[in-house]
Amino acid sequence: MRFLRECEILRHDHVALGHYRLVLHAPEIARAARPGQFCMLEVQPGYYPFLRRPMCFERIHGDTISILYKVEGEGTRLMSLLSSGQRMNVQGPLGKPFPLESGYERHILVAGGIGIAPFPALAEAIIRELGTAPEVIIAARSRDWLLCADDFRAMGCEVHLATDDGSVGEKAFASEVLRRLAPGPGSIVYCCGPLLMMKATHVVCESFNVPCLASLEAEMACGDGVCLGCVIQAKVEIEAERMVRVCYDGPVFDTRMIDWAAY
Ligand SMILES: Cc1cc2nc3c(=O)[nH]c(=O)nc-3n(C[C@H](O)[C@H](O)[C@H](O)COP(=O)(O)OP(=O)(O)OC[C@H]3O[C@@H](n4cnc5c(N)ncnc54)[C@H](O)[C@@H]3O)c2cc1C
Ligand code: FES
């Protein structure tokens, strides 16, 4: 079930350099949403910008959803100017969520940059529904771009920090931290971030023979499986197609089904 609703902005905070958190009153969307799904936001009324912007759910709490976002271009710049009390048109929830599978001892979340965005909701769901706290690797360019570390610690997660410049945590890539943590049998990895970081994470998971679920990004127009603007190349066929839609068949994919050689 998906909805198209005018949602009131309850809070809109600047949380780090170029990053904001938007809290929206969206009761029906919140009730239907699962971690890993996303919504399409109309950043302002009218036809500019023409397309909605896809954003995943950072948290899903009661009647509210929160969106953690980075200002990338014109749409997110306009979004950052919105104030509490204004309303936004929201379509969602869309896409397939992270499957929550029991039977794993270790759940390891690997995030690069704003790829952290879907993980607070996922960590809360893993704790609530599977009764175990995930380990979280958060990687960023430097300390100014590290997000949510204290939120995960407050949930009881073990947090590993990595930065490109070594300003906080290890001077390492997220995939290198994952390799050091040695995910063994009984582990499952979830990742989100830049494509190359997810590809490197997939390679580490393959070497340990553990499953890896990635939340992929693609530029989207309809967000709902119709325009074929968001396709990526898969190794296996979905509905007799090798080109799969990130918005509809994903955005969460088992990384073993992605044709990484194409990227
Ligand atoms: C399923 C999904 C969930 C997402 N969730 C979040 C989130 O929770 N928080 C967040 O900050 N961002 C998220 N994104 C990325 C976000 O949608 C884009 O950053 C945003 O649409 C850029 O809009 P803009 O108008 O500011 O930039 P534009 O002016 O449209 O583009 C600026 C730059 O960003 C690139 N870009 C545009 N759209 C995307 C995209 N979808 N993915 C990657 N690069 C893009 C463009 O190529 C260009 O280089 C998500 C994307 C997808 C597909
Ligand atoms: S954005 Fe239209 S099919 Fe995915």
Side-chain angles (χ1 to χ4, degrees), residues 2 12-24 26 29 33-44 46-60 65-82 88 90-98 109 111-123 138 140-141 145-148 151 190-198 213-234 238-239 241 243-253 258 263:
R2 76 233 3 224
H12 196 182
D13 299 320
H14 181 244
V15 293
L17 199 61
H19 290 74
Y20 295 81
R21 178 177 286 110
L22 189 64
V23 182
L24 295 161
I29 295 173
R34 300 287 298 157
Q37 289 186 294
F38 67 100
C39 56
M40 295 291 278
L41 298 176
E42 188 179 74
V43 301
Q44 61 179 13
Y47 294 111
Y48 183 79
F50 186 63
L51 298 174
R52 290 166 180 266
R53 297 304 194 253
M55 295 283 161
C56 56
F57 302 110
E58 183 212 11
R59 297 210 192 218
I60 305 158
I65 53 173
S66 68
I67 308 289
L68 182 65
Y69 70 94
K70 177 182 176 197
V71 174
E72 275 290 350
E74 182 63 357
T76 43
R77 187 191 69 79
L78 288 168
M79 236 167 97
S80 72
L81 304 177
L82 296 169
M88 265 188 118
V90 184
Q91 181 188 15
L94 298 162
K96 308 274 189 294
F98 285 106
L109 318 187
I114 189 60
I116 196 74
F119 286 157
L122 178 63
I138 309 177
R141 278 157 58 193
W145 282 278
L146 269 179
L147 298 162
C148 303
D151 297 345
Y190 311 75
C191 74
C192 186
L195 202 58
L196 285 179
M197 169 258 173
M198 291 197 279
L213 301 166
S215 176
L216 298 191
E217 277 196 12
E219 292 191 34
M220 293 183 177
C222 73
D224 208 10
V226 179
C227 72
L228 305 183
C230 65
V231 291
I232 54 155
Q233 200 156 326
I238 296 184
E239 293 175 11
E241 290 292 344
M243 300 304 286
V244 297
R245 295 159 294 182
V246 172
C247 68
Y248 189 80
D249 303 306
V252 175
F253 294 93
I258 304 300
Y263 301 100

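Atoms within each ligand, like the ligands themselves, are counted from 1 in listed order.
Closest to atom 17 (O) of ligand 1 among all protein heavy atoms lies P54 O, 2.6 Å. Nearest protein neighbour of atom 22 (C) of ligand 1, counting heavy atoms only, is E72 CB, 4.0 Å. Among protein heavy atoms, atom 23 (O) of ligand 1 sits closest to R53 NE, 3.2 Å. Of all protein heavy atoms, the one closest to atom 36 (N) of ligand 1 is E219 OE2, 3.8 Å. The single protein non-hydrogen atom nearest to atom 31 (O) of ligand 1 is G73 CA, 4.5 Å, given as residue, atom name and distance. Nearest protein neighbour of atom 42 (N) of ligand 1, counting heavy atoms only, is E217 OE1, 2.7 Å. The shortest contact between atom 3 (C) of ligand 1 and any protein heavy atom is with C56 N, 3.8 Å.
Near E74, meaning under 4.0 Å from any of its heavy atoms, are these atoms of ligand 1: 25 (O), 26 (O), 29 (O). Using a 4.0 Å cut-off to heavy atoms of M220, the atoms of ligand 1 that qualify are 1 (C), 53 (C). Of all the atoms in ligand 2, the ones that sit under 4.0 Å from a non-hydrogen atom of C227 are 1 (S), 2 (Fe), 3 (S). Near F38, with a cut-off below 4.0 Å to any heavy atom, the atoms of ligand 1 are 1 (C). Close contacts between ligand 1 and T76 involve ligand atoms 24 (P), 25 (O), 26 (O) [criterion: under 4.0 Å to a heavy atom]. Each of the atoms 3 (S) of ligand 2 lies under 4.0 Å from some heavy atom of V226. Taking every heavy atom of L228 and a limit of under 4.0 angstrom, the matching atoms of ligand 2 come to 2 (Fe), 3 (S). Set against the non-hydrogen atoms of G223, the atoms of ligand 2 under 4.0 Å away are 1 (S), 2 (Fe). Taking every non-hydrogen atom of M220 and a distance limit under 4.0 Å, the qualifying atoms of ligand 2 come out as 1 (S). Here is the list of ligand 1 atoms found below 4.0 Å of a heavy atom in A218: 40 (C), 41 (N), 53 (C). Every atom of ligand 2 is numbered from 1 in the order shown, and the set under 4.0 Å from a heavy atom of A221 is 1 (S). Interface of Y69 with ligand 1, defined as ligand atoms under 4.0 Å from a residue heavy atom, comprises 9 (N), 10 (C), 11 (O).
The shortest N or O to N or O distance between I67 and ligand 1 is not below 3.5 Å. Close N/O approach between P251 and ligand 1 is not found [any backbone or side-chain N/O within under 3.5 Å]. Residue G75 has at least one nitrogen or oxygen atom sitting less than 3.5 Å from a nitrogen or oxygen atom of ligand 1, judged on distance alone.
With a 4.0 Å heavy-atom cut-off, ligand 2 is reached by no atom of V231. Contact annotation: for L68 versus ligand 1, heavy atoms closer than 4.0 Å belong to the backbone alone.
Taking every heavy atom of both residues into account, A33 and F57 meet most closely at CB-CE1, 3.6 Å. Residues Q91 and C222 share a closest heavy-atom pair of OE1-O, 4.3 Å. Counting all heavy atoms, side chain and backbone alike, H19 lies closest to W145 at CE1-CD1, 3.2 Å. Here the closest heavy-atom approach between residue C39 and residue V90 is recorded as CB-CG1, 3.8 Å. Considering every non-hydrogen atom in both R53 and P49, the closest pair reads NH2-CB, 3.8 Å.
The aromatic rings of Y69 and Y20 lie parallel to each other, their planes meeting at an angle below 30°, with 60° marking the opposite boundary.
Within the coordination shell of atom 4 (Fe) of ligand 2, defined by N, O or S atoms under 2.8 Å, C230 is present. At a cut-off of 2.8 Å, C247 does not coordinate atom 2 (Fe) of ligand 2 through any N, O or S atom.
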> Can I258 and M198 be said to form a side-chain contact (heavy atoms from CB on, under 4.5 Å), step by step?
Replying inline: CA-CA 11 Å; I258 304 300; M198 291 197 279; over 6 Å; no
>> The test is side-chain contact (heavy atoms from CB on, under 4.5 Å); show your working for C56 and E217 and say whether it passes.
In response: CA-CA 10 Å; C56 56; E217 277 196 12; over 6 Å; no
>> Show, in sequence, the C-alpha distance, side-chain angles and deciding distance for Y48 and L78, and conclude whether the side-chain contact (heavy atoms from CB on, under 4.5 Å) test is met.
In response: CA-CA 10 Å; Y48 183 79; L78 288 168; 3.9 Å; yes
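To the nearest 0.5 Å, atom CD of residue E72 and atom CE of residue M79 are 12.0 Å apart.
Closer than 4.0 Å to atom 52 (C) of ligand 1 lies at least one heavy atom of the protein. For atom 1 (C) of ligand 1, the nearest protein heavy atom lies closer than 4.0 Å. Distance check for atom 11 (O) of ligand 1: a protein heavy atom is found below 4.0 Å.
The shortest distance between side-chain heavy atoms of V231 and R245 falls below 4.5 Å. Within the 4.5 Å cutoff, no side-chain heavy atoms of M40 are placed close to those of C247.
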